[in-house]
There are 2 protein chains.
Amino acid sequence: MKMSDGVEWAVHCCVVLTAASGPVPAARLAQFHDVSASYLAKHLQALSRAGIIASVQGKDGGYRLTRPADEVSVLDIVEAVDGARPAFVCTEIRQRGPLASPPEACTRPCGVLRTMAAADEAWRASLRATFVADLARGMDEQYGVGAMEPARAWLAAPH
Amino acid sequence: MKMSDGVEWAVHCCVVLTAASGPVPAARLAQFHDVSASYLAKHLQALSRAGIIASVQGKDGGYRLTRPADEVSVLDIVEAVDGARPAFVCTEIRQRGPLASPPEACTRPCGVLRTMAAADEAWRASLRATFVADLARGMDEQYGVGAMEPARAWLAAPH
DNA sequence: GCCGAGCTACTCGGATAGTTCTTGTCCGAGTCAATGAGG
DNA sequence: CCTCATTGACTCGGACAAGAACTATCCGAGTAGCTCGGC
């Protein structure tokens, strides 16, 4: 019941990409956050497959957001990196053992699964309500308006 | 982001214990659900450590619920078996890299953590609202009133 | 017939290997921009 | 001065090991009930 560390990296990268004026290479995003470049690349590829970011090949290429930041929910990122499968998988325990329920009586999911699924949906709904744009705004509120400007400049400056 | 399979077993065991008239050995619970006895024992020990069930030693011993079934929430079981730590752990990425925020500016948790924590709390609240007694009632509603009676008889019968 | 010590069998509890999944890394295919020559 | 082919370097993308967590298992410590002998 542990979420992949890559989720945190991916979310921060999306927030940073909000401030970028052009495509940003994966290596520079890794340097910005001081994390493993190779491993971050793996997660950025997942975001790319999910259609959240798009890759620009060749020189001066990199990644950029495909949609406006207020249309990318945190849930989108979590599902792209960590998988969209629910955390709980029902193994149909009720159909096993000496008092197994017959399959024809198990058309409706069992109570345990229903409870877990409801909790999972509540979790997803909460993540679906927050967007990358909200997180970027939170930066400004916490560190002062214009807090993203140094990031934009750093990303644009040559290294 | 996958929940331990033992959680499902533990919840079902708690529901079955609702129908039991006395202590039930771990081996019999395993036989009832057709799962590994050794591994189920591990999870029952976790429930025991959490105070959800109590062990009775010696002959005719086993496990029994310590509280009424309407006072044991599904969240209690999940936290006992799978751990109470939140799924998302913030590694304070904002304090790393060339544009790291100074520690004195990070008294409040960052926006990503706040979002994840809120979702985690929504998930927990949902699980906290369902009790073992509700699941037992669901059995009766789905399979007919008195559906738990054969289970009680099977647990009491000698093997 | 009643009591008690001893014993047996059964219970849980924690320490111990095997396996799957996540983490972390690498090199190759593809692509865009810059460059230099030619018209 | 403008156009175009060539070159070059930089980008992503998927395939490849290492480590950790989960899964599964075993045997030892402890306890309650039963048995048998004595009173």
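Atom set for the values below is all heavy atoms of this structure, side chains included, hydrogens, waters and symmetry mates excluded. We name chains A, B, ... by the order of the sequence lines, and we start the count at 1 in each one.
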Can you give one letter per nucleotide of nucleotides 15-26 of chain D, going 5' to 3': B for a protein heavy atom under 4.0 Å from the base, S for sugar-phosphate only, - for none? B-------BBBB

Distance, rounded to the nearest Å, where [X] contributes [atom1] and [N] contributes [atom2]:
| X | N | atom1 | atom2 | result |
| --- | --- | --- | --- | --- |
| Asp60(A) | dA9(D) | CG | C1' | 11 Å |
| Gln57(B) | dT31(D) | CD | P | 7 Å |
| Tyr63(A) | dT31(C) | OH | C1' | 14 Å |
| Arg64(B) | dA32(D) | CZ | P | 12 Å |
| Leu47(B) | dC12(C) | CG | P | 13 Å |
| Glu8(A) | dT23(C) | CD | C1' | 15 Å |

Minimum-distance pair of heavy atoms, taken over all atoms of [X] and [Y]:
| X | Y | value |
| --- | --- | --- |
| Asp76(A) | Glu71(A) | OD2-O, 4.1 Å |
| Ile52(B) | Cys14(B) | CG2-SG, 4.3 Å |
| Gln31(B) | Pro98(A) | O-CD, 3.3 Å |

Out of dT11(C), dC10(C), dG14(D), which nucleotide sits closest to the side chain of Gln45(A)?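 So the side chain of Gln45(A) is nearest to dG14(D).
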
Would you indicate what Ala26(A) reaches in the nucleic acid, counting non-hydrogen atoms under 4.0 angstrom: base, sugar-phosphate, or nothing?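 Counting heavy atoms under 4.0 Å across all strands, the contact made by Ala26(A) is with sugar-phosphate only.
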
With a 4.0 Å cut-off, would you call [X] and [Y] a salt bridge?
| X | Y | result |
| --- | --- | --- |
| Glu121(A) | Arg124(A) | no |
| Arg67(B) | Asp70(B) | no |
| Asp134(A) | Arg137(A) | yes |

Within less than 4.0 Å of OP1 or OP2 of dG13(C), is there a side-chain N or O belonging to Arg49(B)?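 It does not, given that no N or O in the side chain of Arg49(B) lies less than 4.0 Å from OP1 or OP2 of dG13(C).
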
At under 4.0 Å, does any side-chain N or O of Ser55(B) touch on OP1 or OP2 of dT11(C)?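 Negative; the distance criterion is not met.
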
